[in-house]
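One structure below.
One-based numbering, in listed order, for ligands and for the atoms of each.
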Amino acid sequence: MRLKGVELRRIRIPLVAPLRTSFGTQSLRDILLLRVVTTDAEGWGECVALQEPTYSSEYVDGAADVLRRYLVPALARLDHLDAVAVAPALEPFRGHRMAKGALEMGVLDAELRAAGRSFARELGAARDRVPCGVSVGIMDSVPELLDTVGGYLADGYVRIKLKIQHGWDIEPVRAVRERFGDDVLLQVDANTAYTRADARHLARLDPFDLLLIEQPLPEEDILGHADLAKAVATPICLDESIVSAQAAADAIALGACSIVNIKPGRVGGYLEARRVHDVCVAHGVPVWCGGMLETGIGRAANVALAALPGFTLPGDTSASDRYYAADVTDPFLLDGGHLAVPTAPGIGVEPLPERLEEVTASTEWLPA
Ligand code: NPG
């Protein structure tokens with residue numbers, strides 16, 4: 001297989017409701033999709049970088065730029081292109097994991113479509129459906145939060161994740177526990193909003209029997225998380241800090257986390273995501289699949305990953321209508337709190353051509 005070229009497609013889709021986190025509010029997704037054209041087949045990649053570098057240092061214009069200048073030309077030079085060849089070919093270029101991950105996803109999709117194999121089969125899925133959680137943003141009031149959580153529980157979501165920050169942590173968690181009871185699987189996500197000085201404050205979450213506290217401290221603060229893990233009873237889960245399988249192994253060895261959120265874009269692709277999974281399984285550390293408000297394209301691949309045996313906690317693999325009134329693929333629908341794992345070749349879904357055109361802001365063809 002050789003690369004013929006890559007189409008960069010920028011789409012803009014409004015969210016059904018704004019999602020507020022400690023780092024900002026998302027109301028519209030400006031997403032970079034990649035159509036990777038090879039001599040054998042075409043594949044789709046979705047870049048999870050946000051419009052602004054607020055979740056991590058990556059942002060969508062930066063991803064498009066590095067793909068155009070460096071990453072696509074590096075793959076164009078390969079005589080034998082397959083997904084395994086992508087990371088070594090891109091290794092000279094530092095960082096930019098979300099851009100690299102999107103390109104590897106497109107190559108893997110093309111390779112698997114040509115071979116008639118699904119992502120699930122290739123990655124080692126052990127289930128044909130995955131249990132789904134939902135991420136609930138910071139709200140203006142506790143009553144509004146309780147209405148929203150009640151709606152998601154009625155939809156069938158099997159786990160609730162509350163976004164937290166200073167001023168929106170203990171009370172919202174207490175209110176959700178009081179209203180919906182102790183049986184609801186409940187966890188919180190701080191997206192790096194706290195500091196080492198907040199250990200005693202965060203220990204006030206302990207009585208609420210949370211599954212985990214996700215990424216309380218800054219991305220680089222692994223030792224801080226290790227100290228915090230000794231000061232609080234709730235398990236610490238890392239997201240932003242885990243940028244590779246090596247980072248996962250180190251964080252686990254240092255006692256910085258006992259649970260890991262795996263997002264393929266954050267670690268540079270699905271093959272590294274599987275290595276993170278393998279490292280965690282080897283250490284007895286449970287993992288779950290995070291989300292970056294993906295369209296059906298990225299969601300399809302995430303659901304396949306979430307079907308691996310180490311994913312023992314429900315992921316942020318919500319149904320399409322959690323985010324989009326109309327997705328760019330046939331929607332992923334919740335069925336008894338689960339999503340079905342696609343079985344068709346590659347990611348197993350296709351963008352709907354008319355819908356894709358409707359949301360497209362620009363396209364650019366990068367020939368090999
Ligand atoms: O379900 O796709 C999803 C989103 C889940 O809350 C979610 N993602 O930090 O994990 C996160 C968070 C997020 C990422 C929110 C990017 C906003 C932007």
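Checked by atom type, the side-chain pair Glu272/Ser244 shows no donor-acceptor distance below 3.5 Å. Using a 3.5 Å distance cut-off with no hydrogens or angles, the side chains of Tyr55 and Asp239 do pair a donor with an acceptor.
Shown in contact with Lys263 at under 4.0 Å from a heavy atom are these atoms of ligand 1, numbered in order with element: 9 (O), 10 (O), 11 (C). Set against the non-hydrogen atoms of Tyr323, the atoms of ligand 1 under 4.0 Å away are 1 (O), 2 (O), 3 (C), 4 (C), 5 (C). Close contacts of ligand 1 with Asp189, meaning ligand atoms under 4.0 Å from a residue heavy atom, involve 9 (O), 10 (O), 11 (C).
Within the structure, the closest approach of Glu240 to ligand 1 does not fall below 4.0 Å when heavy atoms are considered. A heavy-atom separation below 4.0 Å is not found between Gln215 and ligand 1. Residue contact check for ligand 1: Arg322 places no non-hydrogen atom closer than 4.0 Å to it.
The shortest side-chain heavy-atom distance between Leu34 and Glu7 does not fall under the 4.5 Å cut-off.
Counting all heavy atoms, side chain and backbone alike, Asp206 lies closest to Ala233 at OD2-N, 2.9 Å.
For a threshold of 3.5 Å applied to N or O pairs, the pair formed by Lys163 and ligand 1 contains at least one separation below that value.
Tested against Val176, the residues Val188, Val184, Leu186 include a single side chain to side chain contact (heavy atoms under 4.5 Å, CB included) partner, Leu186.
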